[in-house]
There are 2 protein chains.
Amino acid sequence: MDVKPPEAALEEADTLCQRRGVRLTAQRRQVLQILCAARRPLGAYEILEAMRDGSRPLAPPTVYRALDFLLEQGLVHKLESLHAYVGCTHPDHPHFSQFLICADCGLVTELEDEAIAASLKSAASETGFRPRRRVVEVIGTCANCAGKATD
Amino acid sequence: MDVKPPEAALEEADTLCQRRGVRLTAQRRQVLQILCAARRPLGAYEILEAMRDGSRPLAPPTVYRALDFLLEQGLVHKLESLHAYVGCTHPDHPHFSQFLICADCGLVTELEDEAIAASLKSAASETGFRPRRRVVEVIGTCANCAGKATD
DNA sequence: CGTGAAGCGGATAGAGTATAACGTCTTTCA
DNA sequence: TGAAAGACGTTATACTCTATCCGCTTCACG
């Protein structure tokens, strides 16, 4: 597995935002850092909790605003079926991703499968539908957990 | 378009439940009827509102229990990206469906596309993942709204 | 009959998710 | 320097969903 260290992801985000002329402020960066370090999906209030290091008072809109920005920039993804957010594993290029979500251990795998993207595209175009956003999440059991259960 | 009248869907549900030995009680039937008649996704509280015809006091668990049952029986689907529910257009056989959701007019189209199902299956099996539930929702603009906007 | 188990539903409370609205401060740029 | 846009703080509140407890009906079985 090519799991990047969180620092690398953050530096990549810095570069991308600079190139795009958008501002990865300290707060937005902190949210991204928390998500990347977690290595699992976090709910908005979990992020909020993690941001309150010392005793700073922080309210929900703070975290949702940061998440909106990061989502727009493709730096994080939202998992609709979990109401949770994950750092994107390859934010450098625009892409449609799919997620495999293990209901047992919580592991989330981000795919970038051409065949799925193509079949979605062709199904949509058959009816003249113009896709903007794709939500593809498969909930089940990962190989590791399946092995434990059946062996 | 082969849109069934709500009564037909309800009768089909009656038959299915009887065959399966589960009880489509008056309350569950009412929720299904409301969803089928709406012809658009409804939130749980919208359903709740619709159930309070006269002045009967009704609480959220009532609706969620009915929805749980209907979801299990495949009589309704949940749209994760909308936090809303729709009546299933072909409950007679088990299937994985995909949804095209128009962000402009709210139209939701349920697909049952073999190619998408197959590509999802093969992507999952490559990593040894065992799928249980699939969430496939494409948000965009339907043909009708796209036509209005560009012409 | 009686009785016990199971399923359904009423009711209260509360956890978790998300946004509206308004004000202030900062950054940018002409 | 001044105006506009953007980012953030703050309060309040709406919306989504679940836990829990209790009572009622149904039904099988003795």
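Note that these values count all heavy atoms, side chains included, but never hydrogens, waters or copies made by symmetry. Just so it is clear: chains get the letters A, B, ... in the order the sequence lines come, proteins before strands, and each one is counted from 1.
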- Shortest side-chain distance from A/Gln27, nucleotide among D/dC17, D/dG9, D/dT18: D/dG9
- Below 4.0 angstrom from OP1 or OP2 of C/dT27, is there any side-chain N or O of A/Arg23? no
- Message: Just N and O in the side chain of A/Thr62: are any of them under 4.0 Å from OP1 or OP2 of D/dG9?
- Response: yes
- Message: Nearest whole Å is fine: how far is D/dT13 C1' from A/Tyr64 OH?
- Response: 14 Å
- Query: Once you round it to whole Å, what is the distance between P of D/dC8 and CE of A/Met51?
  - Reply: 9 Å
- Message: Measure CG/A/Leu48 against P/D/dT10 and give the value in whole Å, please.
- Response: 12 Å
- Task: Mind calculating the distance between CG (A/Leu24) and C1' (D/dG6) to the nearest angstrom?
- Result: 15 Å
- Task: For the pair B/Glu80 and B/Arg133, find out whether any cationic side-chain nitrogen is under 4.0 Å from an anionic carboxylate oxygen.
- Result: yes
- Note on the structure: Taking for B/Ala66 and for A/Lys78 the nucleotide of DNA chain C with the nearest heavy atom, the one nearer the 5' end belongs to B/Ala66
- Note on the structure: Residue pair A/Pro60/A/Phe69 against DNA chain D: nearer the 5' end by closest nucleotide is A/Phe69
- Message: What I'd like to find out is whether the side chain of B/Lys121 reaches to under 4.5 Å of the side chain of B/Pro131, using heavy atoms alone.
- Response: no
- Is B/Thr25 near enough to C/dG9 that one of its side-chain N or O atoms lies under 4.0 angstrom from OP1 or OP2? yes
- Message: Side chains of A/His95 and A/Glu110 only: does a donor on one sit below 3.5 Å from an acceptor on the other?
- Response: yes
- A/His77/A/Phe99 aromatic ring centres below 6.0 Å: yes
- Item | Geometric class of the B/His93/B/His90 ring pair [parallel <30°, tilted 30-60°, perpendicular >60°] | perpendicular
- In whole angstrom, what separates A/Leu58's CG from C/dA18's P? 17 Å
- Task: Send over the distance from B/Arg65 CZ to C/dA11 P, rounded to a whole Å.
- Result: 11 Å
- Query: Touch check for B/Tyr85, heavy atoms < 4.0 angstrom, all strands: base, sugar-phosphate only, or nothing?
  - Reply: sugar-phosphate
- Message: Tell me the interatomic distance from B/Arg52, atom CZ, to C/dG9, atom P, rounded to whole angstroms.
- Response: 17 Å
- Item | Rounded interatomic separation in angstrom, taking CG from A/Asp68 and P from C/dA18 | 10 Å
